[in-house]
Amino acid sequence: MIKLPDSAEPAAMELMPLMDILFILLLFFLLTAGAAVAPMPVALVEAQGSESSPMPDTPLQLSVDATGVYVLDERRYSTTAELMPKLLARYQASADATLLIAGDQQAPLQALVSLLDALQKAQVERVQLLHQREMFNENK
């Protein structure tokens with residue numbers, strides 16, 4: 001049997017592996033928590049002088065891209081007739097759901113008007129349009 005001398009110092013606990021793991025976990029949570037609101041990249045329209053509404057507890061995101069195609073849950077729909085059954089099923093599944101509509105700046109106005117008309121006919125009342133504030137520019 002191997003005997004250690006009595007004067008041996010107790011083994012020191014290494015903190016570097018623990019710090020490495022904590023750093024990796026912190027990095028993971030920071031990257032995954034910063035998920036984008038819009039499921040697809042859209043250039044939101046700008047508005048002046050509007051006040052922001054608080055984000056709803058149960059948002060349902062719908063995007064209208066630059067070509068007028070509707071995107072819900074990463075699936076593309078070319079008409080409101082295709083979109084509305086899926087959208088209404090998702091909307092009615094949650095009692096406090098709010099529909100957030102993100103329309104691209106280049107999206108045809110007719111696509112948004114058709115969508116709002118279909119939502120009104122379906123009696124969808126909790127709807128918000130996403131936009132970004134225009135920064136004040138003294139040169140304008």
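Scanning all heavy atoms of the two residues, the minimum distance from M84 to A122 falls at CE-CB, 4.0 Å. Counting all heavy atoms, side chain and backbone alike, P108 lies closest to A66 at CD-O, 3.7 Å.
Between the CG atom in L88 and the CD atom in Q123 there is a gap of 10.5 Å [rounded to 0.5 Å]. Expressed to the nearest 0.5 Å, how far CG of L72 lies from OH of Y77 amounts to 5.5 Å. Note that the CG atom of L129 and the CG atom of L116 stand 6.0 Å from one another [nearest 0.5 Å]. With rounding to the nearest 0.5 angstrom, the CD1 atom of I101 is 4.5 Å from the CG atom of L115. A distance of 9.5 Å separates CG in L100 from CG in L62, rounded to the nearest 0.5 Å. Within the model, atoms CD of E74 and CD of Q61 stand 11.0 Å from one another, a figure rounded to the nearest 0.5 Å.
By the 4.5 Å heavy-atom criterion applied to side chains, T67 and D104 are not counted as neighbours.
The hydrophobic cluster containing V113 also includes L109, under a criterion of side-chain heavy atoms closer than 4.5 Å among ILVMFWY residues, counted directly or through chains of members.
With respect to the salt-bridge test (charged N to carboxylate O, under 4.0 angstrom), the residues R90 and D73 qualify.
No option in L87, T80, D65 other than T80 meets the side chain to side chain contact (heavy atoms under 4.5 Å, CB included) test with Y70.
Counting heavy atoms of neighbouring residues, nucleotides and ligands inside a 6.0 Å radius, atom CD of Q120 does not exceed 12 of them.
Evaluation of the salt bridge (charged side-chain N to carboxylate O under 4.0 Å, His left out) test over residues 107-130, restricted to residues two or more places apart or in two chains, returns D117-K121.
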